[in-house]
There are 2 protein chains.
Amino acid sequence: MLSKKTKYGIKALAYIARKKDRKPVQASEISESENISQKFLESILLELRKSGFLGSKKGKGGGYYLIKEPGEIRMTAVIRVLEGPIAMVPCVSLNYYEKCDDCPDENTCSVHKLMIQVRDASLQVLGENTLEDIASLQ
Amino acid sequence: MLSKKTKYGIKALAYIARKKDRKPVQASEISESENISQKFLESILLELRKSGFLGSKKGKGGGYYLIKEPGEIRMTAVIRVLEGPIAMVPCVSLNYYEKCDDCPDENTCSVHKLMIQVRDASLQVLGENTLEDIASLQ
DNA sequence: CTATAATCCTATCGGTTTACTAGGTTTTAA
DNA sequence: TTAAAACCTAGTAAACCGATAGGATTATAG
């Protein structure tokens, strides 16, 4: 299950991407438009800034803006930052690998084999979709 | 993330499927062989029985056995019973659909569009893999 | 210079879920 | 009759989630 944090984060990025001009967008505006608790959204936007997706401007007229072009932001990157691993099991994760303590041999593990396939299928989809793709309406 | 429950459940089913004869397999045997807490495993096997994957025999010499052929058990079915929805968001779930309360229109939702693609990719993999496929070693 | 609007930061909190554990009851084969 | 197995109910510690609270900091406008 995707956490609300990730869901809201993606929606916020898409909202910002949809604006033609590169003027900073305020958290309050996104919050209202997308029906997201403002305080919660603030913390998410902050995280997206710290991880290099957004820039910010403080004070009156400030807000958040994209640092890269929407077409250059792959959804794999967004989800890894907000949600964590894309794999359903740590032992098949490329970026967050962890060995299972119960499993003596990954090569003969039935779950492992299956989850590698699921991971690759998800990576394919999330890797070929950019923020530009999902931000465009309909 | 896949819960331990689902992971253990799949491992147990694969273990039982690997046995040629159809004699009941005891929870204790699976528990030892797969390094799973016995009591926890018992509750999982019970659930698999109640949902129609396993039969059981009580008393001495009892245990659990497959009701269908391993080749007829799709991994979609197993995961839906143990884990719940395959979709990452309820609003794109086929079997556990729920509307998002924040989202006025699914057709223009960026997350929705993306998650449908992820769901379909996962369904494809999990639907074409049966218990027979994943139980066979290497 | 001051008021205001915005980001930024830290802490907390109630609720839910997870992964077990405990302690039995019931059934069956030997 | 004994032991081995499934079956059942309850509880529980820890983690995680989705916020909320309350401000500190910074920048702009007048």
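Every chain is numbered from 1 and lettered A, B, ... according to where its sequence line falls, protein lines coming before strand lines.
Rounded to whole angstrom, the span from the CD atom of B:Glu29 across to the P atom of D:dA5 amounts to 10 Å. In this structure, A:Lys11 places its NZ atom 14 Å from P of D:dG18, rounding to the nearest Å. To the nearest angstrom, P of D:dC8 lies 16 Å from CD1 of B:Ile44. One interatomic measurement links the two molecules: CG of A:Leu2 to C1' of D:dC17, which rounds to 13 Å at whole-angstrom precision. A:Glu42 places its CD atom 16 Å from the P atom of D:dA24, with the value rounded to the nearest Å. Summarising the geometry, the separation between OH on A:Tyr8 and P on D:dC17 is reported as 14 Å, rounded to the nearest angstrom. Rounding to whole angstrom units, CG of residue A:Asn35 and C1' of D:dA19 are separated by 16 Å. Rounded to whole Å, atom P of D:dT26 lies 14 Å from atom CG of A:Leu46.
Protein chain B touches strand DNA chain C; the 5'-most and 3'-most nucleotides with an atom under 4.0 angstrom of its non-hydrogen atoms are C:dA19 to C:dA29.
The residue B:Lys50 sits close only to the backbone: its heavy atoms come under 4.0 Å of sugar-phosphate atoms, none of a base.
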TODO: Please test A:Lys4 against B:Asp102 for salt bridge (charged side-chain N to carboxylate O under 4.0 Å, His left out), starting from the C-alpha separation and ending with a verdict.
DONE: CA-CA 11 Å; A:Lys4 299 248 163 141; B:Asp102 57 303; 5.9 Å; no
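Both B:Leu13 and B:Val81 are assigned to one and the same hydrophobic cluster, defined by single-linkage of ILVMFWY side chains at heavy-atom distances under 4.5 Å. Hydrophobic clustering (side-chain heavy atoms under 4.5 Å, transitive across Ile, Leu, Val, Met, Phe, Trp, Tyr) keeps B:Phe40 apart from B:Met1.
Of the candidate nucleotides D:dC7, D:dA6, D:dT20, D:dC7 has the atom lying nearest to any side-chain atom of B:Lys39.
Looking at B:Lys113, its side chain does come within 3.5 Å of a backbone N or O of A:Ser136 through a donor-acceptor pair. Formation of a donor-acceptor pair under 3.5 Å by the A:Glu42 side chain with backbone atoms of A:Ala27 is not found in this model.
Annotation: of the two residues near DNA chain C, B:Lys58 and B:Glu83, the 5′-most nearest-nucleotide partner is B:Glu83. Of the residues near DNA chain D, A:Gln38 and B:Lys60, the one whose nearest nucleotide (by heavy atom distance) lies more toward the 5' end is B:Lys60.
Here CD of A:Gln38 is found 11.5 Å from CD of A:Glu29. Values are rounded to the nearest 0.5 Å. Atom CD1 of A:Ile10 sits about 4.5 Å away from atom CD1 of A:Ile79, to the nearest 0.5 Å.
Between B:Tyr65 and D:dA6 there is no side-chain polar atom (N or O) within less than 4.0 angstrom of OP1 or OP2.
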